[in-house]
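Excluded from the calculations below are hydrogen atoms, water molecules and symmetry mates; all remaining heavy atoms, backbone and side chain alike, are included. Quick caveat, the model's predicted, so the values are computed rather than measured.
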Amino acid sequence: MKALVLFSGGLDSTTCLALAVDKYGADEVLALSISYGQKHTKELEAAQRVAEYYHVKLQTLDLALIFADSDCSLLQGSTADIPKTSYAEQLSETDGKPVSTYVPFRNGLFLSSAASVALSHSCEVIYYGAHSDDAAGNAYPDCSSAFNDAMNTAIYLGSGNQLRIEAPFVSKTKADVVAEGMKLGAPYHLTWSCYEGGEKPCGLCGTCRDRAAAFAANHIADPAL
């Protein structure tokens with residue numbers, strides 16, 4: 001295979017999958033979905049649906065034990081509520097630290113694990129959906145350009161110059177992600193972004209708010225609603 005896509009079943013990773021399939025073809029793309037102890041399985045179910053839509057192979061990896069001692073509000077072991085405010089509002093209360101939905105060094109761990117899987121499948125590139133809105137204000141520092149550059153260097157050197165990472169939206173906004181996905185015909189109706197696991201997205205958590213704003217900026221309705 002040529003490319004591995006870190007794949008959550010959300011909007012950003014689905015757009016990355018669309019890009020990879022468009023460039024390499026479905027037979028050359030592997031989607032890697034990771035369980036990390038999140039409070040619901042909705043995003044993993046969405047990942048399965050989108051992978052089936054594109055006819056790409058989907059591999060799953062369970063890393064939940066690594067986060068067992070974390071109080072991140074996204075995780076099953078946490079008693080903290082998921083905030084129902086914007087990231088900007090949350091950051092005003094964190095004193096410069098990441099928001100409570102930041103899973104400790106998640107992208108670092110995911111990319112390192114993905115590198116091992118990718119090399120085993122002879123992939124040459126790992127795609128993941130980091131974008132500038134998530135990195136803004138240090139909400140998710142492992143989505144920043146600086147982090148991406150450092151991880152790319154580490155993985156390239158650590159793989160013997162065989163593997164690199166590609167974050168096509170790291171300097172772009174979520175609205176840009178939606179615009180690109182619409183051009184590619186990404187199946188956003190199959191995706192799940194909400195941090196809650198209800199029948200419908202809550203519409204209030206940080207990622208729901210960002211998703212709604214991204215579609216609004218493109219003057220289109222969210223097809224998943």
Side-chain angles (χ1 to χ4, degrees), residues 6 8-16 34 36-40 42-43 46 63-64 66-111 128-151 167-181 188 191-198 200-222 224-225:
L6 267 177
S8 70
L11 186 152
D12 308 317
S13 64
T14 292
T15 311
C16 279
I34 298 179
Y36 54 92
Q38 54 267 63
K39 288 180 177 177
H40 63 79
K42 299 284 284 192
E43 60 186 24
L63 297 178
I66 294 179
F67 302 110
D69 296 322
S70 171
D71 195 37
C72 167
S73 59
L74 292 189
L75 303 177
Q76 292 176 10
S78 174
T79 58
D81 292 329
I82 295 171
K84 296 298 193 296
T85 55
S86 70
Y87 291 128
E89 291 173 289
Q90 294 173 47
L91 285 166
S92 69
E93 302 174 358
T94 66
D95 195 28
K97 296 179 181 178
V99 294
S100 73
T101 48
Y102 166 73
V103 183
F105 204 62
R106 183 178 71 172
N107 280 349
L109 178 65
F110 284 11
L111 287 167
Y128 77 114
H131 58 80
S132 63
D133 287 350
D134 276 349
N138 210 37
Y140 296 104
D142 55 355
C143 289
S144 67
S145 292
F147 172 84
N148 177 68
D149 292 344
M151 287 300 297
F169 310 118
V170 73
S171 62
K172 299 182 179 181
T173 66
K174 201 175 190 76
D176 295 329
V177 177
V178 169
E180 182 66 26
Y188 289 145
T191 63
W192 183 269
S193 299
C194 181
Y195 286 149
E196 299 285 1
K200 296 180 179 180
C202 73
L204 297 174
C205 67
T207 189
C208 273
R209 291 170 184 267
D210 275 10
R211 177 172 174 139
F215 278 103
N218 283 279
H219 308 290
I220 52 176
D222 186 340
L225 298 179

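In this structure, the side chain of Ser78 does not engage the main chain of Leu75 through any donor-acceptor pair within 3.5 Å. Checking side-chain atoms of Ser92 against main-chain N and O of Glu89 turns up a donor-acceptor pair under 3.5 Å. Checked by atom type and distance alone, the side chain of Ser132 pairs as donor or acceptor with a backbone atom of Lys172 at under 3.5 Å.
A donor and an acceptor atom, one from each side chain of Ser8 and Ser13, are located under 3.5 Å apart. Between the side chains of Thr173 and Asp176, at least one donor N or O lies within less than 3.5 Å of an accepting N or O.
Expressed to the nearest 0.5 Å, how far OH of Tyr195 lies from OG1 of Thr101 amounts to 4.0 Å. Note that the CG atom of Leu109 and the CG atom of Leu63 stand 5.0 Å from one another [nearest 0.5 Å]. With values rounded to the nearest 0.5 angstrom, Asp95 atom CG is found 11.0 Å from Asn138 atom CG. For the atom pair Cys16 SG and His131 NE2, the distance stands at 10.0 Å (nearest 0.5 Å). We find the CD-CG distance between Glu180 and Asp12 to be 12.5 Å, quoted to the nearest 0.5 Å. The line from CG of Leu6 to CG of Asn107 is 7.5 Å long, rounded to the nearest 0.5 Å.
Taking each heavy atom of Asp142 and Phe105 in turn, the nearest pair found is OD2-C, 3.8 Å. Nearest approach of Pro104 to Phe67, heavy atoms of both residues: O-CE2, 3.3 Å. When all heavy atoms of Cys143 and Val170 are compared, the closest pair comes out as O-CG2, 3.6 Å. Of all heavy-atom pairs between Gln38 and Glu43, the closest is NE2-OE2, 2.7 Å. When all heavy atoms of Leu91 and Lys97 are compared, the closest pair comes out as CD2-O, 3.8 Å.
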Please evaluate residues Trp192 and His40 with respect to the criterion side chain to side chain contact (heavy atoms under 4.5 Å, CB included), reporting the C-alpha separation (whole Å), side-chain torsions for both, the decisive distance (0.1 Å), and the verdict.
CA-CA 11 Å; Trp192 183 269; His40 63 79; 3.5 Å; yes
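Of the options Ser73, Cys194, Cys202, a side-chain contact (heavy atoms from CB on, under 4.5 Å) to Ile82 is made by Ser73 and by none of the others.
Using the six-membered ring where Trp is involved, Tyr102 and Tyr140 have ring planes that are tilted, between 30° and 60° apart. Relative ring orientation between Tyr36 and Phe110 is described as tilted, the plane-to-plane angle lying within the 30° to 60° band.
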Distance-only criterion, 3.5 Å: show the donor-acceptor pairs between side-chain atoms of residues 204-218 and protein atoms not counting sequence neighbours.
residue, atom, partner, partner atom, Å
Arg209, NE, Leu204, O, 2.6
Arg209, NH2, Lys84, O, 2.9
Arg211, NE, Asp222, OD2, 2.6
Arg211, NH1, Thr191, OG1, 3.0
Arg211, NH1, Ser193, OG, 2.8
Arg211, NH2, Tyr188, O, 3.4
Arg211, NH2, Thr191, OG1, 3.0
Arg211, NH2, Asp222, OD1, 2.9
Asn218, ND2, Ala175, O, 2.9
Asn218, ND2, Ala214, O, 2.9

